[in-house]
Amino acid sequence: MKMYLAITMTIMFFANVSVAADWSYEGDNGPEHWGDLAPEFVQCRVGLNQSPIDIVATVDADLPALEIDYRSSTLELVNNGHTAQANVAPGSFMRVGGESFELLQLHLHTPSEHRINGKLFPMETHYVHRNAAGELAVVGILHEEGPSSPGLLDFQSNIPKELNKPVPFEGPLQGTPITKMDKSYYRYNGSLTTPPCSEGVRWFVLKQPVPIAIEQQREYQSLIGDDARGPQPVNARVVLE
């Protein structure tokens with residue numbers, strides 16, 4: 001029970017960071033102003049390792065395999081006004097380089113937040129994980145226009161219209177695209193892409209895009225609107241592949 005409560009509290013932090021200050025994706029509370037909205041958001045303005053980025057220059061490296069072991073179903077779906085999020089029950093893990101990260105939640109952005117050589121994609125899914133030390137690792141999946149994605153379609157069709165009103169959802173994570181696709185990836189050190197833009201996040205952006213029907217992207221956009229932060233300076237960081 002204690003573990004369940006701890007994970008739930010962490011999930012609710014990601015779902016409700018807007019409690020600290022009003023922020024949005026446009027206007028006076030948009031991304032260019034996030035760093036000035038609250039003291040705890042200052043990293044959005046002064047951070048040197050911010051996400052997302054446009055992945056252009058990379059360095060070849062012998063990267064460890066990304067292992068996905070997702071077993072649980074989601075606990076609930078939440079429309080928090082910034083994204084549609086699936087909060088996940090304990091028991092699903094990502095393993096890389098001998099480290100284990102438990103899946104906390106997954107959520108969507110449209111259009112994509114990351115770009116590849118300047119290319120913008122219709123949508124991006126983020127799988128947010130945490131290790132025993134409390135460090136975060138996020139796997140980003142880019143979506144390109146093509147056939148519909150059944151795993152995402154089931155998720156999208158159940159997104160609640162009422163804000164911050166969680167609804168139960170039983171969707172086996174084994175059916176989501178990440179469990180079946182090639183897991184070659186780009187690796188870099190970054191941040192959360194929403195306030196408070198905390199740094200120290202390990203990013204794994206998968207190279208293989210997953211197709212979605214454009215109707216899926218438009219359905220999500222009509223409910224949530226555009227919810228993507230633009231590319232941030234790479235600065236002195238190295239992107240490995």
Side-chain angles (χ1 to χ4, degrees), residues 1-25 68-94 100-110 113 123-132 134-141 143 148-180 192-196 198 201 210 212 215-229:
M1 177 61 73
K2 288 182 179 178
M3 180 180 292
Y4 173 84
L5 289 174
I7 291 173
T8 301
M9 288 175 67
T10 300
I11 288 169
M12 294 310 293
F13 166 78
F14 286 112
N16 295 303
V17 290
S18 57
V19 170
D22 249 355
W23 60 273
S24 70
Y25 286 96
I68 299 297
D69 183 16
Y70 288 172
R71 299 179 179 275
S72 63
S73 298
T74 56
L75 283 174
E76 59 189 12
L77 296 182
V78 181
N79 174 356
N80 63 30
H82 301 301
T83 187
Q85 180 171 303
N87 296 331
V88 178
S92 292
F93 293 88
M94 174 190 79
S100 185
F101 296 82
E102 186 163 28
L103 180 65
L104 300 177
Q105 50 105 327
L106 60 103
H107 61 266
L108 304 174
H109 293 277
T110 186
E113 296 202 299
M123 186 174 281
E124 183 171 347
T125 303
H126 291 165
Y127 293 76
V128 182
H129 308 76
R130 183 183 62 186
N131 67 10
E135 300 166 332
L136 297 178
V138 183
V139 177
I141 295 181
H143 298 285
S148 64
S149 172
L152 272 183
L153 192 61
D154 194 30
F155 171 31
Q156 285 182 262
S157 63
N158 286 279
I159 295 171
K161 291 182 171 57
E162 189 173 351
L163 295 183
N164 296 312
K165 183 82 172 181
V167 297
F169 178 69
E170 292 297 326
L173 291 170
Q174 292 91 332
T176 58
I178 192 174
T179 61
K180 303 174 181 179
L192 300 177
T193 65
T194 59
S198 307
V201 177
V210 171
I212 58 167
E215 290 77 17
Q216 288 183 264
Q217 188 262 351
R218 288 172 179 163
E219 178 186 357
Y220 176 80
Q221 198 170 37
S222 68
L223 180 61
I224 304 293
D226 287 352
D227 61 347
R229 187 189 195 191

Say whether Glu162 and Asn79, considering side chains only, have a donor N or O and an acceptor N or O under 3.5 Å apart. no
Check whether any side-chain heavy atom of Thr193 sits under 4.5 Å from a side-chain heavy atom of His109, and report yes or no. yes
Dump the intermediate steps for side-chain contact (heavy atoms from CB on, under 4.5 Å) on Tyr220 and Ile212, then the final yes or no. CA-CA 12 Å; Tyr220 176 80; Ile212 58 167; over 6 Å; no
Quick one: closest heavy-atom pair of Tyr25 and Arg229, and the distance? CE2-N, 3.8 Å
For Ser100 and Phe93, the nearest pair of non-hydrogen atoms, with its separation, is OG-CD2, 3.3 Å
Counting distance only, does the side-chain N/O of Thr125 pair as donor-acceptor with the main-chain N or O of Ile141 below 3.5 Å? no
Given side chains that start at C-beta, do those of His126 and Val139 come closer than 4.5 Å, heavy atoms only? no
Rounded to the nearest 0.5 Å, what's the gap from CG on Leu108 to CD1 on Ile159? Could you check? 6.0 Å
Just wondering, do Pro90 and Glu102 contact through their side chains at under 4.5 Å, heavy atoms? yes
Would you say Asn87 and Gln105 are linked by a side-chain donor-acceptor pair, where the criterion is simply a distance under 3.5 Å? no
As an exercise, state the distance from CE of Met123 to OG1 of Thr110, rounded to the nearest 0.5 Å. 4.5 Å
Nearest non-hydrogen partners of Asp227 and Glu113, listed with the distance: O-OE2, 4.0 Å
Scanning both residues in full, the closest heavy-atom pair of Phe101 with His129 reads CB-CB, 3.5 Å
Rounded to the nearest 0.5 angstrom, the CG-CZ distance for Leu103 and Arg71 is 13.5 Å
Quick check for you: to the nearest 0.5 Å, what is the distance between Ser222 atom OG and Gln217 atom CD? 9.5 Å
Can you tell me how far apart CG (Asp226) and OG (Ser24) are? Round to the nearest 0.5 Å. 12.0 Å
Evaluate the side-chain proximity of Pro160 to Leu77: yes if any heavy-atom separation is below 4.5 Å, no if none is. yes
Answer whether the closest heavy-atom distance between the side chains of Asn158 and Phe169 falls below 4.5 Å. yes
Tell me, do His107 and Tyr127 make a side-chain contact under 4.5 Å, heavy atoms counted? no
Derivation and outcome, side-chain contact (heavy atoms from CB on, under 4.5 Å), residues Tyr70 and Val88: CA-CA 10 Å; Tyr70 288 172; Val88 178; over 6 Å; no
For the backbone of Leu192 and the side chain of Ser198, can you confirm whether one donor and one acceptor N or O come within less than 3.5 Å of each other? no
